[in-house]
Amino acid sequence: MNILLASSELFPFSKTGGLADMVAALARALAHAGHEARVVTPLYRGIREKFPALRKVDWYFDLPLGLKSVQAELWELDAARGLKIYFVDHPGYFNRAGIYLENHFNYADNAERFVFFSKCVIHLARYLPWRPDVVHVHDWQTALVPALILQQKNEGWGSPPPTCLTIHNLAYQGVFPAEAFALTNLPADYFAPDGVGAEFFGLLNCLKAGIAYADFITTVSPRYAREITTEEFGCGLDGLLRRRQKQLVGILNGVDYGEWNTTKNPHLVQAYSVGRLAGKKVNKAELQKYFNLPADPATPLFGTISRLAEQKGMDIQLGALAEMLNSRLQFVLLGSGSPEYERGYLELARHFPGKVAVRFGYDETLAHRIEAGCDFFLMPSRFEPCGLNQMYSLRYGTIPIVRATGGLDDSVIDWTQNPRLATGIKFSEYTARSLAKAIRKALVLFSQTKLFDNCRRNAMRADFSWEKTVHNYLDAYQQCANPKKPQKLTV
Ligand code: ADP
Ligand code: GLC
């Protein structure tokens, strides 16, 4: 198949979270499976300098954006295995210090930036000499594409490709004042408040438009696919999602083990594997030194790498750590996000010197080193569509402690439920006390070498490779093209 993927983030060119990893890995897996995948993404600041192999394409196009006409330029890069990447260049929109925000504030023109990007995606799908069989869009930033394609069909685009939308996080919907709708140049009935358009309580909701108009919808774990059809997790869109349930499927993300591995990884101090664990001890000692913590192999080391956001359970983590840090344990954090949580962790580090160390900012190498050097990885998310860090932790032999929600529940086998097959520790209740209890269990596990080694072996052998999962996306693409599905929904 010819598949055009569109994403506002793509590793290694741009990344704020798992979206970048997932789209890059899926594209690679599709190419590896013999399909022709191409990806379109914005040309953010610094990409050209970091990747000098990018070539300018001799193709400019002007696109209507409300009353304006805005010009885009295009760059391309041939990546491994025939994968081609297109970069949409508009210095005013994309040559900025951040991807979505700066100094904790979203850019005021994010609607304009990503409506423009969505229109560029469609322009490529329609006018490239290479014709996609499906256009696969990701999250709110490109979720207007299905509605925009439908409109172009109504205006004479003979047989446009079907569209697939992947929801990576329902909590981010791209909601903007109603005036932003004019940027789409769509007829007003796409905004009609009938429950199935772009309108959401009088506002423009990009993700909602995607859910309404995409031919098929996926999300990133089976459990999250069920959760988002409930009021508790539906973020106001559960009703629409229930209506589209027949075209909604949850596919657990895979891991790109070419990037996330412990045997051939330039970020790690020493390589190790399930059969040769000595290197993990060296990584632990080095990490302790890096964070100025006593390099004691017998002290269990817990770690977290995370956006510091409400979703990630930072409030209960701070509470649980405060309760548990009188025990013999160490904790390290790499995170960026809310200043309020940053203050919380700084406070914790001040209270427990020699036990807690934190780094704020974004650091790819340190992320790998934390995964490799820790004994346990904490991920107590309030909700988690999939979560990649717990899967990385498994491969790195770092036992994940997770809340049983979304993809965390789908990817970890709990020690108390099945001690023989266990890969981690799960807890259910969203409270600091429950998390503290899970940490206590981890301390017990750590003290029982045989059980701990067994759990670690299971974890390292768990296989979430994309090779195993990519056929699910191919099935989804087939579903997109299935003419039996309803074109337009009725309320
Ligand atoms: P989410 O996408 O919701 O943030 P995931 O677990 O799916 O959560 O993916 C997070 C990705 O971002 C992982 O690859 C993780 O290592 C990375 N990451 C998060 N915060 C940082 C950081 N401060 N520095 C480096 N990498 C980070
Ligand atoms: C989102 C979700 C995360 C998921 C990632 C990649 O950022 O929050 O759970 O792993 O997308 O799909």
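Just so you know, residue 1 is the first one in the sequence shown, and it goes up from there. Start at 1 and go down the list; that is how both ligands and their atoms are numbered.
- Per-residue contacts place L388 under 4.0 angstrom from the following atoms of ligand 1 (heavy atoms of the residue considered): 5 (P), 6 (O), 7 (O).
- Taking every non-hydrogen atom of D363 and a distance limit under 4.0 Å, the qualifying atoms of ligand 1 come out as 24 (N), 25 (C).
- If you look at V220 next to ligand 2, the close heavy atoms, those under 4.0 Å, all belong to the side chain.
- Distance from atom 15 (C) of ligand 1 to its nearest protein heavy atom, with residue and atom name: N389 ND2, 3.3 Å.
- For E384 and R403, the salt-bridge test fails: no basic side-chain N is under 4.0 Å from an acidic carboxylate O.
- A salt bridge links D315 with R382: the closest approach of a Lys/Arg side-chain nitrogen to an acidic carboxylate oxygen falls below 4.0 angstrom.
- Contact annotation for K15 and ligand 1: only side-chain heavy atoms (C-beta onward) come within less than 4.0 Å of the ligand.
- Not a single heavy atom of G407 sits closer than 4.0 Å to an atom of ligand 2.
- Contact annotation: for T16 versus ligand 1, there are no heavy atoms closer than 4.0 Å.
- Close approach of ligand 1 to M379 is summarised as follows: ligand atoms under 4.0 Å from at least one heavy atom of the residue are 6 (O).
- Contact annotation: for D21 versus ligand 2, there are no heavy atoms closer than 4.0 Å.
- Using a cut-off of 4.0 Å between Lys/Arg side-chain N and Asp/Glu carboxylate O, R226 and D409 are scored as not salt-bridged.
- Counting the atoms of ligand 1 from 1 in the order shown, those under 4.0 Å from a heavy atom of G387 are 6 (O), 7 (O).
- Using a 4.0 Å cut-off between heavy atoms, K312 contacts ligand 1 through its side chain alone, with no backbone atom that close.
- A salt bridge does not link R343 to E340: none of the charged side-chain nitrogens sits closer than 4.0 Å to a carboxylate oxygen.
- The aromatic rings of F117 and F94 sit perpendicular to each other, their planes meeting at more than 60°, with 30° as the lower class boundary.
- The protein heavy-atom contact nearest to atom 2 (O) of ligand 1 is G18 N, 2.6 Å.
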